[in-house]
Colleague: 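Below is a structure I'd like to ask you about.
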Amino acid sequence: MTDIKTGQISIDDLENVQITIGKIVGAIEKKAKDEGVKVGPTPKPGISTLRSWDHKILSRYHPVYTPACDQCCYCTYGKCDLSGNKEGACGINMAAHNARETLLRVITGAAAHSAHGRHILHHLIDLYGNDKTIDMGPSNLLAPNTLAVTGIKPETLGDLEEVLDYVEEQITQLLATIQVGQEGGAIDFESKILHGGMLDHVGMEVSELAQVSSMQMPKSDPDTPLVEIGMGCIDASKPVLLVIGHNVAGVTYIMDYIHDHELDDKIEVAGLCCTAIDMTRYKVENGGKPRAKIVGTMAKELKMIRSGVADLIVVDEQCVRADVLDEAKKLSIPVIATNEKIMYGLPDRSADDPKDIIDDLASRKEDGALILDFHVLGQVGPELAIKMSKIRDEMGIKALPKEEDMQGLASKCIYCGACEMDCPDNLPIMEAMKAGVDSDLSKFEYLHDKCIACGRCDQACPKEIPILNLIEKASQKLIREEKGYVRAGRGQISDPEIREEGVNLVLGTTPGIIAMVGCSNYADGTRDYFKVADEMLKRNYIVVTSGCAAMDLGMYKNEEGETLYEKYPAKFLAGNLINVGSCVSNSHITGTAIKVAAIFAQRQVAGNYEEIADYIANRIGAVGVAWGAYSQKAVAIGSGCNRLGIPVVVGPHGSKYRRALIGKPYEEEEWKVYDARNGEQMPIPTSPEFMLTTVESVEELLPILAKNCIRPSDNNMGRMIKLTHYIELSQKYLGHMPYDWYNFVRTETDLPLAKREELLKILEKEHGWEIDWKRKKILSGPSMKSDVSAQPTNVKRLCKGEC
Amino acid sequence: MTDIKTGQISIDDLENVQITIGKIVGAIEKKAKDEGVKVGPTPKPGISTLRSWDHKILSRYHPVYTPACDQCCYCTYGKCDLSGNKEGACGINMAAHNARETLLRVITGAAAHSAHGRHILHHLIDLYGNDKTIDMGPSNLLAPNTLAVTGIKPETLGDLEEVLDYVEEQITQLLATIQVGQEGGAIDFESKILHGGMLDHVGMEVSELAQVSSMQMPKSDPDTPLVEIGMGCIDASKPVLLVIGHNVAGVTYIMDYIHDHELDDKIEVAGLCCTAIDMTRYKVENGGKPRAKIVGTMAKELKMIRSGVADLIVVDEQCVRADVLDEAKKLSIPVIATNEKIMYGLPDRSADDPKDIIDDLASRKEDGALILDFHVLGQVGPELAIKMSKIRDEMGIKALPKEEDMQGLASKCIYCGACEMDCPDNLPIMEAMKAGVDSDLSKFEYLHDKCIACGRCDQACPKEIPILNLIEKASQKLIREEKGYVRAGRGQISDPEIREEGVNLVLGTTPGIIAMVGCSNYADGTRDYFKVADEMLKRNYIVVTSGCAAMDLGMYKNEEGETLYEKYPAKFLAGNLINVGSCVSNSHITGTAIKVAAIFAQRQVAGNYEEIADYIANRIGAVGVAWGAYSQKAVAIGSGCNRLGIPVVVGPHGSKYRRALIGKPYEEEEWKVYDARNGEQMPIPTSPEFMLTTVESVEELLPILAKNCIRPSDNNMGRMIKLTHYIELSQKYLGHMPYDWYNFVRTETDLPLAKREELLKILEKEHGWEIDWKRKKILSGPSMKSDVSAQPTNVKRLCKGEC
Amino acid sequence: MVDTTKNTQIYETWGRNVAKPVNPNVAGKVITKAKRPLLVVASELLKDEKLVEKAIAIAKKGIPVAATGHSITALMDKGIDAKYINIHSLATFLGDARWSGLDGKGSYDTIVFLGHKKYYLNQVLAGLKNFTDLKTLCIERHYMQNSSLSFGNLKADVHFEALDELIDNL
Amino acid sequence: MVDTTKNTQIYETWGRNVAKPVNPNVAGKVITKAKRPLLVVASELLKDEKLVEKAIAIAKKGIPVAATGHSITALMDKGIDAKYINIHSLATFLGDARWSGLDGKGSYDTIVFLGHKKYYLNQVLAGLKNFTDLKTLCIERHYMQNSSLSFGNLKADVHFEALDELIDNL
Ligand code: SF4
Ligand code: SF4
Ligand code: SF4
Ligand code: SF4
Ligand code: SF4
Ligand code: SF4
Ligand code: SF4
Ligand code: SF4
């Protein structure tokens, strides 16, 4: 037996040497132990390990299915008609099948993030080696999700491989259960959904740890620079290199090439979706200047391409329209695919001479190329963009219709209604056509912000009117003004910040964290999101954001002409607006909650998921909002939040996720927890009221956000603050006092000071509570006691006296 | 740097020790090298690594989409109407989306097999340790798929973990591409499908290597015992313990308990689906006696449960009806779930005292239990079955309707047609009802074999007539006679067998391998499959079978009262019938093809997938038939065959897989390969004509099988034999000479001897070929030369003079 | 009489069960015959003052109203029995025999919808259709295929006419 | 006249485009007007001798026949232009302008189906519907929703009547 303590091991000849992955897993766990990381009961949980925790969540938050289809088409026994909760040929019923469908979508999202993580990790290990230290700024708890789930405390890039091995194994296990003839119980598909969501956050975290550590991205930096955003900020007079996607690995070579060849001022590099965000984080650590501009979200992709401004499009992975190549071709824009996940059938030119590739694309001999070698990509990208700019100018490429053609195009409309029926939001296109005939383009302009540029109307129109192009042409003035600022993604919340703010969060004196995340499939345009953030920031909530949401929040200015990012600082403090970064940075949001449990509350993190989740569920008033969520990634992120007890709201389109988790406030028995001090049951407020639900309008959303930040652990000051916001927001946006406000009152000190007398009167009159009017005290009425030292928990074993 | 050559490594303190999975991967590859295994150009291929090979296949075999739905419902931008190949909101069109759907189903199947592999591997490593040697019988090439794909030559169970790490990583990568906004090119989704299929065979192989090596299963043994099969062979007078699923790990504890407690004669252990097959392989190595009976395929599940014969049902994973618990409950049959993938919402009793579990289930306090601890399972299973047998007898449980109630039930029918509309095969149920009213049950009996027991008719009937029960009751006599024999799965084809038979296969003198695999979703009952096997065996084809197909083939007897297994030996020789084993044993079928390339043709295997596939595609006349394929696993298996150039036929229900790969015989340019001797192009016969297609009836199938065994490498004798069968089968089943037989004639010696003159006349008259009648020689006409020393290849780089 | 049953064009399908198209008089009868009907209105109502009027007119016939989204803002102090509730919660509770309704008086049997986003309501209805026995009636401008009964696709003015006729039939 | 358009009940949906139900006389006209029709028959034909007769009668009107499955066995030596082909191959080739037809005389424009398994034909039709411009006409006993035109669901005797009427209209 050979024992090695330190140093590098190189194994030249493995004959008769027994090394197994399993053993190394054990070794790494042992390492954690040796470093004083006590590993909890559930490192690397399998499908069933945390099942009892899930069943606890699910006993309060009932799975509600709103099928996106009455049929199942998984196998050739089918299609099966499951309507009315019938069973299909394999015996599965509608409820279980919809849970299965949701699981499939959740693990698709988790796979997208994890596969992204695997790609960028391989790439960065190739560049910097396994020993490259993970550095996230002033933090000892670098990888909260990873540690809580796997028990592994990664310190180098190399350590992350094992983490992904685990995630991939579990995703494969879950994908297996999608196979016809596997799980039959809806409730156990639900548990698997939560498992998949949890894995997603580990996958995201790995991606983020790798890139922040290796790419000189900001590390827990509240003072990151402001980045220009909007279609209006792109300087079309320069060659424009447009990047679309989520994985910044390849484009860094382009950015470096530009910088090294002093082309920074000669070329406009702009991005769509999360690659854009990460481009603006690349090398801006310690005051670096962002080297790219942001165009916006997926809802801007087709608009931007159709504008014809780009001279070259580079795509990587995720949230890239499938028709980029076709659309670009029409406007003589070459496309370079740079990632195995999206290859568009393009010829693989990775091993070719950059000059040949540039020639073939510039001459339009080829519409595009697949380039997986980033050195080649780095050179081809900028040089081709410069070349194409000239060529396309000379060709006189015209993108949108000419002013003078607008009326004619509108006149072609036969008012068949196909476009409106096919538009995901049933936007009033025919009205715009009608007005367009009279050269009134204002109704097209009106559609611009509401339109998510999906292109379905174009596909539907029997007269082949380029509807989206009409909208965009009519909105040229708007678009020119469409510029704002986003604060570059700051990365993790640091340990000192957690130490400072943790207590306020748990006691409720900071009224809550509103995490505004997700995609751009809004029901009613982007400005809604601005309204939500503005309102909640004014009310001192911490607003955390990322990805597409973070971008859209930067597109608007308040009355003073400031964007929210200019107005609000980005520390982890009440009333701050924090852009953590791209989609994979969402792991910082759950990570923050875990860090509060770990750092403020000193809970053991490693391999101790249930206890951490239980802590968060009962004490941290955070609500996620993915108002425009459309992707499988979004539902994966949401499910990961849910397993930690963090509720998530999605906009109305989110109903197409097929499933929600909704509590029943009228079922008193379901709103109880244990007091860990003695194992006795105690009632809790009916908040969060849901784990996942849909909401129809932002006016409805705002009071819901305030209400669902209420937690059992609130002290009286905290509860008072939260209740004040709930009542005020209900009055402001729904025009009345909420019906259930009194349910959250434990004692008179929970009542908003200014309205205390008035509210006490209501409590007496309408709810029959007994009031001692002399002392202005509540004598009887509340169903809960105010006891800040109570230790609410859902987990019996965590109570004193239990195992 | 510490270098270790041999011995065990235990790493007690990993501080500053740099070990990475990646490095160990490198080390294992190095090990392979040191052992003289040359690793080829593509070990552990990523998504794009074998893309150029795929594009070669796909340029001849065109993806053909028959959508199972006109819509896409993947994300909340949708549902999108893609009809007419329109684009959805993300820009994907119908073709690409259908390729994506197929990919999703393929990787679901691959995940099912790989997750099964991971489960059983973990379990067996726990039992036997990492060092347990992989033993598959007389074979040096133990793991042909694994070696060809990954370059790893696994020798112990522990070696297999890395193989699964690779598979899981790639499955996750592929699953990521399902996410909205990833791949847009149908052709690249197609390449990903083939990648997924390839991974599936590695996943299956790992499962099989692990179980055969550790569970005393037959190892390349052509003389395995015959096992009783059929609902008729179950002795209902004993306690019946029924096992359903695919993963034999848990049930081995039950079998051992029974054996150790000398209960073998006191309890009837029977299985459905592949667990049944593997139960009959367990400990039958070297002449062991099978310890279980086989009931049959998934199409027997509901029939068997509804018969009420079982006293206990134990389920593991895959191909288990989702309603087992509900159905069993109605007949007071307790259900034990034993695998995380199927938990049915049952309470986890893994840590409980077996006695308590038995009490709770026997008293029907609980309908079932989840038991993940196999020691507990081993005890609970048999004891509970024995107990329940008595209890259920005493309760007088009646399952099927009584004879005297049949007419009454049939009379309830209002002839609404709902059942027939909902029946996957639109079986004539109303006719049977009509006759049933007159107490004529023969029409119900007629349905028995055609009915796949999906239960959809029951779900549909507004009068709640238990239709399936009527069918089964009417078929009691048939069912009692439903007994036959299956030869227990023999495992791999050994190296000596390959050495002996390889030349006949490549030259065509053994006319081909017909691999009859897959599930039981037949269009017209099970007897069809028997007909196919019988016909092909008589014609000296090698028939290889596995899983459900292997079971169904054992259910019938020929005129002499013999099952095919009794009639035909099980060596790897012309005219033999080989049951390799369960579903995961399908890896032996592709493995055999790889072994022919490796052992007979001496091709390098390790990490040399393309060359191996190219060899097989051009030289090995094998055709897969999955006549009743219904599952995602089946399409995964088929896709894996396809990447190796092995064509696959599925029955008509297979059209619901949405996609086929079909060649165009009229496109001459597409039927050319290189001659590796000089790089020149040479025409090839239009066979295989497809990589994946559907066929309507077995009468149509039989000539197709014969035709599609033709390969460029056939010598004249071989071609003559193949052509003879093609012509004869066309005449026998389609009533005429095939239209294209002459396309396969290169010289007069390719012509069937007995008919040579007649055929030469036809060639002269109808096709204008020039014949030298004196010498009976063809002077001109054929589009191909006969040149056995030609070396057909699709891969330019493999030609002499190329890199 | 307005014929509201003609144009049942749809963009996507859920399955083989689709809403029966109804005319306003039949719709009126369905509501009148209901033991305990509930009118569920939503925020799209606010886009047209006329629609608000119709909703109020229906409610005035003594039908309790669940106001989802922020539609309640238009219905307060109008002398009708309207209460705010989130529609996803409402749909969950509607299917639960243990829920005692918005007013504590027990469960509903016929649910009438007006003023909703088309795609959102169709999802909500998909849940009700598959997991409850409730009768659902959509009196929207769009054909709501997942309802039990629904108007077809109507022009705005025809829709108002139809609503008037329905109100007359209550 | 037989009305073959009434019962278009289906078990599952593919999407919003469904076959237009046609009566036999219209079906006859469609075939007659076709530039180059093709009758595609399949093995279910063999289950009923009468069906075979009808198929032959249609073919005798000069319509070439693709015999899929093993249906050719009933059509040989009947003086009609019938040729065996696998239906999945046929559907692939039908959509390919480069294919010159079963007889080398070029592509077809109207494809008539008879004697197929319902689920199988609907899949084949799903391909044709989405990826070709061909007109497809199903004269089956079952309503084939993925066809351009189709009979509704018919009883066996009505079906034969309808076929006769169609034949009379050729
Ligand atoms: S689940 Fe989706 S793809 Fe399947 S039938 Fe329904 S809408 Fe179509
Ligand atoms: S998985 Fe089940 S419900 Fe779905 S199509 Fe197959 S048999 Fe039907
Ligand atoms: S592009 Fe805009 S207007 Fe057109 S369908 Fe999509 S969202 Fe509606
Ligand atoms: S689809 Fe085209 S023609 Fe029809 S209403 Fe819309 S814009 Fe007009
Ligand atoms: S993945 Fe694309 S086609 Fe499918 S629903 Fe989403 S946007 Fe529509
Ligand atoms: S159980 Fe049999 S008869 Fe009933 S629908 Fe299924 S296959 Fe048809
Ligand atoms: S569904 Fe029931 S009532 Fe209708 S025809 Fe079939 S058996 Fe008779
Ligand atoms: S052959 Fe098919 S049905 Fe049978 S066990 Fe395998 S996957 Fe299941």
Side-chain angles (χ1 to χ4, degrees), chain B residues 62 64-71 79 81-86 94-95 98 417-418 420-426 456 460 523-524 651-660 662-667 689-690 692-704 730 733-736 738-739, chain D residues 7 9-18 42-44 46-47 67-77 83-93 95-96 98-102 104 116-133 141-143 146 153 155:
Chain B
H62 304 264
V64 178
Y65 303 107
T66 53
C69 182
D70 296 349
Q71 307 173 139
K79 286 182 278 190
D81 168 34
L82 307 177
S83 61
N85 206 20
K86 280 211 296 285
M94 179 63 111
N98 270 268
E420 293 191 9
M421 174 141 313
D422 288 21
C423 174
D425 289 303
N426 307 116
R456 271 181 10 189
D524 215 15
H653 280 290
S655 59
K656 293 182 244 168
Y657 283 130
R658 306 170 174 78
R659 159 190 167 271
I662 294 180
K664 299 179 174 175
Y666 53 91
E667 288 288 5
E689 233 172 18
F690 52 82
L692 182 72
T693 197
T694 63
V695 165
E696 189 176 328
S697 63
V698 287
E699 291 80 2
E700 182 185 7
L701 174 67
L702 282 156
I704 286 180
S730 293
Y733 292 101
L734 299 179
H736 62 66
Y739 298 112
Chain D
N7 178 3
Q9 224 187 317
I10 47 170
Y11 172 68
E12 76 266 68
T13 56
W14 265 256
R16 64 173 171 182
N17 300 328
V18 288
S43 316
E44 298 294 292
L46 306 174
K47 296 198 173 153
T68 70
H70 60 294
S71 62
I72 189 72
T73 53
L75 303 177
M76 278 182 314
D77 314 317
K83 211 162 175 185
Y84 160 74
I85 186 167
N86 169 270
I87 198 171
H88 218 139
S89 292
L90 172 64
T92 307
F93 306 163
D96 181 359
R98 292 174 50 86
W99 187 50
S100 57
L102 289 166
H116 297 261
K117 286 183 204 301
K118 182 178 157 190
Y119 63 88
Y120 191 34
L121 182 54
N122 251 329
Q123 284 304 123
V124 169
L125 288 168
L128 295 176
K129 170 171 95 169
N130 283 298
F131 298 106
T132 76
D133 293 326
R141 262 194 65 191
H142 298 289
Y143 176 61
N146 288 328
N153 296 302
K155 298 225 168 91

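Labels below follow one simple rule: chain letters A, B, ... track the order of the sequence lines, proteins then strands, and each chain is numbered from 1.
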Colleague: Which one wins on heavy-atom pair count under 4.5 Å against chain D: Leu82(B), Asp422(B), Val64(B)?
Modeller: Asp422(B)

Colleague: Report the C-alpha distance between Met421(B) and Lys118(D) in whole Å, list the side-chain angles of each, state the deciding distance to 0.1 Å, and finish with yes or no for side chain to side chain contact (heavy atoms under 4.5 Å, CB included).
Modeller: CA-CA 10 Å; Met421(B) 174 141 313; Lys118(D) 182 178 157 190; 4.3 Å; yes

Colleague: Could you tell me which portion of Glu689(B) (side chain, backbone, both or neither) has an atom closer than 4.5 angstrom to a non-hydrogen atom of chain D?
Modeller: neither

Colleague: Answer with side chain, backbone, both or neither: which region of Asn426(B) has an atom nearer than 4.5 Å to a non-hydrogen atom of chain D?
Modeller: side chain

Colleague: Given the options Arg16(D), His116(D), Lys83(D), which has more heavy-atom pairs under 4.5 Å with chain B than any of the others?
Modeller: Lys83(D)

Colleague: Which atoms of Asp133(D) come close to chain B, meaning under 4.5 Å heavy atom to heavy atom: side chain ones, backbone ones, both, or neither?
Modeller: neither

Colleague: Does the side chain of Pro67(B) reach to within under 4.5 Å of the side chain of Phe131(D), using non-hydrogen atoms?
Modeller: yes

Colleague: Check each atom of Arg659(B) against the heavy atoms of chain D and say whether the ones under 4.5 Å are side chain, backbone, both or neither.
Modeller: neither

Colleague: Quick one: list whatever passes salt bridge (Lys or Arg N to Asp or Glu O under 4.0 Å) with Lys86(B), sequence neighbours left out.
Modeller: Asp81(B)

Colleague: So, for Tyr120(D) and Pro652(B), which heavy atoms are closest and what is the spacing to 0.1 Å?
Modeller: CD1-O, 3.4 Å

Colleague: Of the listed residues (Ala126(D), Ser43(D), Gly69(D)), which shares the most heavy-atom pairs with chain B below a 4.5 Å separation?
Modeller: Gly69(D)

Colleague: Please confirm whether the ring centroid of His653(B) lies under 6.0 Å from the ring centroid of Tyr119(D).
Modeller: yes

Colleague: For residues Thr66(B) and Gln123(D), report the shortest heavy-atom separation together with the two atoms involved.
Modeller: O-NE2, 2.8 Å

Colleague: Whether Lys117(D) and Glu696(B) form a salt bridge (side-chain N of Lys/Arg under 4.0 Å from carboxylate O of Asp/Glu) is what I want to check.
Modeller: no

Colleague: Give the minimum heavy-atom separation between Thr73(D) and Gly735(B), together with the two atoms involved.
Modeller: CG2-N, 4.2 Å

Colleague: Does the side chain of Asp70(B) come under 3.5 Å of the side chain of Asn17(D) through a donor N or O and an acceptor N or O?
Modeller: no

Colleague: Go through the atoms of Ala460(B) and report whether side chain, backbone, both or neither lie under 4.5 Å from a heavy atom of chain D.
Modeller: neither

Colleague: Need one label for Ala523(B): side chain, backbone, both or neither, based on atoms under 4.5 Å from any heavy atom in chain D.
Modeller: both

Colleague: To the nearest 0.5 Å, how far apart are OG in Ser71(D) and CG in Leu734(B)?
Modeller: 9.0 Å

Colleague: Find the one option among Asn153(D), Leu128(D), Ile87(D), Ile72(D) whose heavy-atom pairs under 4.5 Å with chain B are most numerous.
Modeller: Ile72(D)

Colleague: Heavy-atom distances under 4.5 Å only: say whether Tyr739(B) touches chain D with side chain, backbone, both or neither.
Modeller: side chain

Colleague: By salt bridge (Lys or Arg N to Asp or Glu O under 4.0 Å), which residues pair with Glu699(B), not counting sequence neighbours?
Modeller: Lys531(B)

Colleague: Is a donor from one side chain sitting under 3.5 angstrom from an acceptor on the other, for Tyr666(B) and Ser100(D)?
Modeller: no

Colleague: Which atoms of Pro424(B) are under 4.5 Å from chain D, going by heavy atoms: the side chain, the backbone, both sets, or neither?
Modeller: backbone

Colleague: Give the member of His62(B), Lys656(B), Gln71(B) that has the highest number of heavy-atom pairs under 4.5 Å with chain D.
Modeller: Lys656(B)

